[in-house]
Engineer: 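I am attaching a structure below and will ask some questions about it afterwards.
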Amino acid sequence: MTSSTPDPGSPARRPLLTRRNLLAATGLTAAGVSAGPLLGWSTAQAAASPDCPPGTTAPVPPAAKGPAIPASGYLVEEIADRVYWLTDGLYQMIFVTTAEGVVAVDAPPTIGKNILRAIATVTNSRVTHAIYSHHHADHTGAMILYRGARFYAHMQVADLLRQTNDPNRPLPDVTFDRHLTVHAGEDVLELAYHGPNHSPGNIFINLPAQRVLMLVDVVFPGWVPFAYLAESQNIPGWLEAPAQALRYPFDTYIGGHLTRLGTRDDVLIQQEYVAELRAQAASAIATFNPASVYQSVDPTNPWAIFRAYLDGVASQAASAVIPHWVDRLGGADVYTLPNAYQLVESLRIDYGQLGPFGIHP
């Protein structure tokens, strides 16, 4: 999960936006006023909340909050038989203690050498098997810590790692196309690729005996997805991935982020959020008036016109969705706008919902 694309702005604001002024682009803030009025709060109510200083963000809903991170900077918990969850409150990974050694899935660099410290608190064994969920460095940029282990990855991940040539992400020893079963002692990890979603080679890691499923950057338990639908490269595949996950008989879901573990209900809740956002994005494409953008941009600049149109459609969709979700999922007021933007673009260029840019009569 990385972010390099500038956030979309409001039709009335032409400067490129940063995350600091993203809320202003949605119409949620103006002149330093908080998002409260649009969300049904009075200004006094919003200002009175210690979790919601004026002009910043809505309070984090209880469902988004996870366990406290100890002073060590990491939390490690056994979540199923010999399966451990490791988090710093932002990134997550798992490891399994087996008769053959430790099987580690991912190595987020923000956790870094705390990974080895955490493993040492539960076993004297070293990491003998290391699995890439996908190639992105924010989840796997410390895989070098597993030097001497046998590395596993999807074949497309291997190709991408060769291209980037990052010394902190060793090339895999074992690759596969669709399915691979990793045996370590009596433990089994089923690796599967169901097609592109967040990124090429992003895989499902299933531990059938422990009923644990790991799928990174697709579902964000308790939170809306990161910006632009988690910066995903194949939006139709990303939209389908939660349904694919639900075909597994898991009880515990590891999403790679943020504050807590997930459940089957978390997958269903994100499907509900995305479905509503998709419906509103489609409605905005159909109903937004393109003529309105000429009031705020240079009419001789086609890029400015088109950007103002897309930003306006995304803002219309986001404004309809945020009030329904701000109390249910963390960050609904922060990332619904860029998520709406990404859905608008996918509906246009992937699904052919072109609005006023359809086939010319």
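All values below were derived from every heavy atom in this structure, side-chain atoms included, with hydrogens, water molecules and symmetry-related copies excluded.
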Engineer: Can you confirm whether F151 sits close enough to L171 that some side-chain heavy atom of one is under 4.5 Å from a side-chain heavy atom of the other?
Structural biologist: no

Engineer: For the residue pair V344 and I285, what are the closest heavy atoms and their distance?
Structural biologist: O-CD1, 3.9 Å

Engineer: Within the side chain of Q92, is there an N or O that forms a donor-acceptor pair under 3.5 Å with the backbone of R260?
Structural biologist: yes

Engineer: Checking S232 side chain against N234 main chain: does a donor-acceptor pair fall under 3.5 Å?
Structural biologist: no

Engineer: Quick one: CG on L189 to CG on L207, what's the gap to the nearest 0.5 Å?
Structural biologist: 4.0 Å

Engineer: F226 and ring pair (Phe, Tyr, Trp, His ring centres under 6.0 Å): which single residue from Y91, F220, Y335 fits?
Structural biologist: Y335

Engineer: Determine the minimum heavy-atom distance between H257 and L90, stating which atoms define it.
Structural biologist: ND1-O, 3.0 Å

Engineer: Under a 4.5 Å side-chain heavy-atom rule over Ile, Leu, Val, Met, Phe, Trp and Tyr, are Y152 and Y132 clustered together?
Structural biologist: no

Engineer: Applying side chain to side chain contact (heavy atoms under 4.5 Å, CB included) to H136 and E231, what does each step give before you reach the verdict?
Structural biologist: CA-CA 11 Å; H136 287 164; E231 301 283 0; over 6 Å; no

Engineer: I need the single residue from D106, I119, I94, I115 that forms a side chain to side chain contact (heavy atoms under 4.5 Å, CB included) with L86. Which is it?
Structural biologist: I115

Engineer: State whether a side-chain donor-acceptor pair under 3.5 Å links T110 with D88.
Structural biologist: yes

Engineer: Are F95 and I79 connected in a single hydrophobic cluster, I mean Ile/Leu/Val/Met/Phe/Trp/Tyr linked by side-chain heavy atoms less than 4.5 Å apart?
Structural biologist: no

Engineer: Below 4.5 Å, heavy atoms only, C-beta onward: do P242 and V218 meet side chain to side chain?
Structural biologist: yes

Engineer: Cation-pi check, R264 to Y253: give yes when NZ or CZ is under 6.0 Å from the six-membered ring centre and within 45° of the ring axis, no otherwise.
Structural biologist: no

Engineer: Below 4.0 angstrom, N of the basic side chain to O of the carboxylate: do E272 and R328 qualify?
Structural biologist: yes

Engineer: Given the rule that I, L, V, M, F, W and Y join up when any side-chain heavy atoms are under 4.5 Å apart, are L310 and V297 in one cluster?
Structural biologist: yes

Engineer: Pair I203, F176 - check side chain to side chain contact (heavy atoms under 4.5 Å, CB included), show working.
Structural biologist: CA-CA 11 Å; I203 62 172; F176 68 100; 3.8 Å; yes

Engineer: Taking the side chain as every heavy atom from C-beta outward, state whether P200 and Q233 have any pair of such atoms under 4.5 Å apart.
Structural biologist: yes

Engineer: Report yes or no: does R82 contribute a side-chain atom to a donor-acceptor pair with the main-chain N or O of T98 at less than 3.5 Å?
Structural biologist: no

Engineer: Would you check if I269 and V219 make a side-chain contact, meaning some heavy-atom pair closer than 4.5 Å?
Structural biologist: no

Engineer: What verdict does the side chain to side chain contact (heavy atoms under 4.5 Å, CB included) test give for L75 and W85, after you've listed the backbone C-alpha separation in whole Å, the side-chain angles of each residue and the deciding distance to 0.1 Å?
Structural biologist: CA-CA 8 Å; L75 173 70; W85 173 59; 3.8 Å; yes

Engineer: Would you give the length of the straight line joining atom CG of L343 to atom CZ of R348, rounded to the nearest 0.5 angstrom?
Structural biologist: 13.0 Å

Engineer: So for atom OH, which belongs to Y294, do other residues, nucleotides or ligands contribute more than 12 heavy atoms lying within a distance under 6.0 Å?
Structural biologist: no

Engineer: Just say parallel, tilted or perpendicular for the rings of Y309 and F357, cut-offs at 30° and 60°.
Structural biologist: perpendicular

Engineer: Examine L145 and Y74 and state if one hydrophobic cluster contains both, with Ile, Leu, Val, Met, Phe, Trp and Tyr joined whenever side-chain heavy atoms are less than 4.5 Å apart.
Structural biologist: yes

Engineer: Side chains of I235 and E345, heavy atoms from C-beta outward: is any pair under 4.5 Å?
Structural biologist: no

Engineer: What residue among D187, D81, D251 forms side-chain hydrogen bond (donor to acceptor under 3.5 Å, both in side chains) with Q210?
Structural biologist: D187

Engineer: How close do P225 and A230 get, heavy atom to heavy atom, and via which atoms?
Structural biologist: CB-N, 4.4 Å

Engineer: Could you measure the distance from the CZ atom of R307 to the CD1 atom of I305? Nearest 0.5 Å is fine.
Structural biologist: 14.0 Å

Engineer: Ignoring hydrogens and angles, state whether a donor on the side chain of Y193 or Q156 is under 3.5 Å from an acceptor on the partner side chain.
Structural biologist: yes

Engineer: Using every non-hydrogen atom in the two residues, find where I322 and D333 come nearest and quote the distance to one decimal.
Structural biologist: CG2-CA, 4.2 Å

Engineer: Are any of the side-chain heavy atoms of Y273 and T336 separated by less than 4.5 Å?
Structural biologist: yes

Engineer: Tell me, do V182 and V188 make a side-chain contact under 4.5 Å, heavy atoms counted?
Structural biologist: no

Engineer: Has the side chain of D166 got a donor or acceptor atom that lies under 3.5 Å from a matching backbone atom of G141?
Structural biologist: no

Engineer: Taking V216's backbone N and O only, do any of them form a donor-acceptor pair with N202's side chain (distance below 3.5 Å, no angle check)?
Structural biologist: yes

Engineer: Within the side chain of H135, is there an N or O that forms a donor-acceptor pair under 3.5 Å with the backbone of G201?
Structural biologist: no

Engineer: Would the number of heavy atoms belonging to other residues, nucleotides or ligands and lying under 6.0 Å from CG of N124 be above 12?
Structural biologist: no

Engineer: When you measure from the side chain of S346 to the backbone N and O of Q342, does any donor-acceptor pair fall under 3.5 Å?
Structural biologist: no

Engineer: Is it true that atom CZ of R178 has more than 12 heavy atoms of other residues, nucleotides or ligands lying nearer than 6.0 Å?
Structural biologist: yes

Engineer: Is there a donor-acceptor pair under 3.5 Å between the side chain of E100 and the backbone N or O of A184?
Structural biologist: no

Engineer: Just by distance, no angles: are the side chains of H139 and D217 close enough, under 3.5 Å, to form a donor-acceptor pair?
Structural biologist: yes

Engineer: Are the ring centres of F204 and F250 closer than 6.0 Å?
Structural biologist: no

Engineer: Would L277 end up clustered with L268 when hydrophobic side chains under 4.5 Å apart are linked, directly or stepwise?
Structural biologist: yes

Engineer: Are the side chain of S319 and the backbone of S315 linked by a donor-acceptor contact shorter than 3.5 Å?
Structural biologist: yes

Engineer: Restricting to non-hydrogen atoms, name the atom on A192 and the atom on H194 that form the minimum distance, rounded to 0.1 Å.
Structural biologist: CB-NE2, 3.8 Å

Engineer: Report yes if the distance between the aromatic ring centroids of H183 and H129 is under 6.0 Å, otherwise no.
Structural biologist: no

Engineer: About how many Å separate CG of L116 and CD1 of I111, when rounded to the nearest 0.5 Å?
Structural biologist: 11.5 Å

Engineer: For the atom pair NE2 (H198) and CG (L215), what is the distance rounded to the nearest 0.5 Å?
Structural biologist: 10.0 Å

Engineer: How far apart are the C-alpha atoms of I254 and V212, what are their side-chain angles, what is the distance that settles it, and do they pass the side chain to side chain contact (heavy atoms under 4.5 Å, CB included) test?
Structural biologist: CA-CA 8 Å; I254 311 295; V212 172; 4.2 Å; yes

Engineer: Would you say D177 and H154 make side-chain contact, with heavy atoms under 4.5 Å?
Structural biologist: yes

Engineer: Considering all heavy atoms of both residues, which atom of L161 and which atom of P172 are nearest to each other, and what is their separation?
Structural biologist: CD1-CD, 4.1 Å

Engineer: T259 side chain to A64 main-chain N or O, any donor-acceptor pair under 3.5 Å?
Structural biologist: yes

Engineer: May I ask you to decide whether E240 forms a salt bridge with R247, counting only side-chain N to carboxylate O separations under 4.0 Å?
Structural biologist: yes

Engineer: Report the distance from atom CG of L191 to atom CE of M214, rounding to the nearest 0.5 Å.
Structural biologist: 11.5 Å

